[in-house]
Every structure is written in structure tokens, then in C-alpha cells.
*Asks:* 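First the structure, which I've put down as C-alpha cells, then a few questions once you've had a look.
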Amino acid sequence: MKYEIILASEAVDDLRRLPANIRSAVKDGIERHLRYAPSRVSKSRIKRLEGISKPQFRLRIDDVRVFYDIEGYRVHVLAILAKPDAQRWLAEMGEP
């Protein structure tokens, strides 16, 4: 089943701030990993986050982290962050 990918306005801004080559890799990664199996947890790529209810998942693409929720057949991308910023964002925006 094909999932609809919806980027929050913050995620769009995050994506625009990335350098072009990284932006392209992130777009490809989102399409490849989230379009058909966004909840398929892997050893290093997709991780279900524990201890918080929102966001539900994290996708790792090189040094970029994509945080998202799944609602039915929709994937809501909440943030696209560099690895060093990810923990701070989760501490501020994550919902226990």
C-alpha cells in the first residue's frame, strides 16, 4: 500500500536550509523508506522511538534525522534535522 507523505511547514523549512546535495539525498530517502513501509523498523535506518508518543519514528539518512508520525496511510514528517540538533529537538518537542 502506498502512503501519502505530508511535510509540516517546519519540515519544509528544515529541508530548504539543507545544502542541495544533502537535500536531494533526504528527499530520495524519504521517498524510498517512507512511501511503502514507514513502520518497518530496521537495525539502523528506521527506529520506533520509545518513551514518547510523538514523534513515533525516526529515519536516519547519513547525518540527518527525519522525525515522523504515521496516521492511517499518511506519514506526517514533523522535522528534518542534523544529528547534533536531534536530541535537543526531541527534548523540546517530543510528547511523553
*Asks:* With a cut-off of 6.0 Å (strictly less than), are more than 12 heavy atoms of other residues, nucleotides or ligands near CG of D62?
*Replies:*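 It does not: D62 CG has 12 such atoms or fewer within range.
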*Asks:* Where do I70 and Q56 come nearest, in terms of heavy atoms and distance?
*Replies:*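 Taking every non-hydrogen atom into account, N-OE1, 2.8 Å.
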*Asks:* Can you confirm whether R48 is buried at CZ, in the sense that more than 12 heavy atoms of other residues, nucleotides or ligands lie under 6.0 Å from that atom?
*Replies:*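 Yes, CZ of R48 has more than 12 neighbouring heavy atoms, counting only those of other groups under 6.0 Å.
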*Asks:* Evaluate whether atom CZ of R74 has more than 12 neighbouring non-hydrogen atoms of other residues, nucleotides or ligands under 6.0 angstrom away.
*Replies:*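 Result for CZ/R74: open.
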*Asks:* Give the cluster check for I6 versus Y73: same hydrophobic cluster or not, with ILVMFWY residues linked at side-chain heavy-atom distances below 4.5 Å.
*Replies:*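 No, I6 and Y73 fall in different hydrophobic clusters.
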*Asks:* Could you measure the distance from the CD1 atom of I61 to the CZ atom of R45? Nearest 0.5 Å is fine.
*Replies:*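 Rounded to the nearest 0.5 Å, the CD1-CZ separation comes to 7.0 Å.
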*Asks:* Around atom CZ of R35, are there more than 12 heavy atoms from other residues, nucleotides or ligands closer than 6.0 Å?
*Replies:*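 Buried by this count: over 12 neighbours within 6.0 Å.
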*Asks:* Which heavy atom of A86 sits nearest a heavy atom of R65, and at what distance?
*Replies:*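 That closest heavy-atom pairing would be CB-CG, 3.9 Å.
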*Asks:* State, with a plain yes or no, whether a side-chain heavy atom of M1 is found less than 4.5 Å away from one of Y36.
*Replies:*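 No, side chains not in contact.
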*Asks:* Has E71 got more than 12 heavy atoms of other residues, nucleotides or ligands less than 6.0 Å from its CD?
*Replies:*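 No, because the 6.0 Å sphere around CD of E71 holds 12 heavy atoms or fewer from other groups.
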*Asks:* Would a single hydrophobic cluster contain both V75 and V66, if residues Ile, Leu, Val, Met, Phe, Trp and Tyr are joined by side-chain heavy-atom contacts under 4.5 Å?
*Replies:*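 Yes: a chain of side-chain contacts under 4.5 Å links V66 to V75.
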*Asks:* What distance do K54 atom NZ and H76 atom NE2 have between them, rounded to the nearest 0.5 Å?
*Replies:*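 Result: 8.0 Å between the selected atoms.
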*Asks:* Once you round to the nearest 0.5 Å, how far does CD of E10 lie from CG of L78?
*Replies:*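 These two atoms lie 8.5 Å from each other.
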*Asks:* Indicate the atoms forming the closest heavy-atom contact of W89 with P55, along with that distance.
*Replies:*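 Shortest heavy-atom separation between W89 and P55 comes out as CZ3-CG, 3.8 Å.
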*Asks:* How are the rings of Y68 and F57 set to each other: parallel, tilted or perpendicular (split at 30° and 60°)?
*Replies:*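 Y68 and F57: parallel rings.
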*Asks:* Starting at CG of D63, measure out to CD1 of I22 and round the result to the nearest 0.5 Å.
*Replies:*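 Going from the CG atom of D63 to the CD1 atom of I22 covers 8.0 Å.
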*Asks:* Drop me the distance from D13's CG to L18's CG, to the nearest 0.5 angstrom.
*Replies:*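 Answer for the CG-CG pair, D13 versus L18, is 11.0 Å.
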*Asks:* Measure the spacing between NE2 of H33 and CG of D28 and express it to the nearest 0.5 Å.
*Replies:*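 Atom-to-atom, H33:NE2 and D28:CG are 9.5 Å apart.
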*Asks:* Compare every heavy atom of V77 with every heavy atom of A11, then report the nearest pair and how far apart it is.
*Replies:*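 Heavy atoms only, the tightest pair is CB-O, 3.7 Å.
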*Asks:* So, do L49 and L90 sit near enough that their side-chain heavy atoms are less than 4.5 Å apart?
*Replies:*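 Touching, per the 4.5 Å side-chain cut-off.
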*Asks:* Is NZ or CZ of R58 both nearer than 6.0 Å to the six-membered ring centre of F67 and within 45° of the ring axis?
*Replies:*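 Not satisfied by the 6.0 Å and 45° rule.
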*Asks:* Starting from L15, can I reach M93 by hopping between I/L/V/M/F/W/Y residues whose side chains sit under 4.5 Å apart?
*Replies:*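 No; tracing contacts between hydrophobic side chains, which count when under 4.5 Å, never links both residues.
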*Asks:* Is any side-chain heavy atom of D85 less than 4.5 Å from a side-chain heavy atom of R88?
*Replies:*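 Result yes, sub-4.5 Å side-chain heavy-atom pair found.
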*Asks:* Quick check on the hydrophobic clustering: are V26 and L34 connected, directly or via other members, by side-chain heavy-atom contacts under 4.5 Å?
*Replies:*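 Linked, V26 and L34 end up in one cluster.
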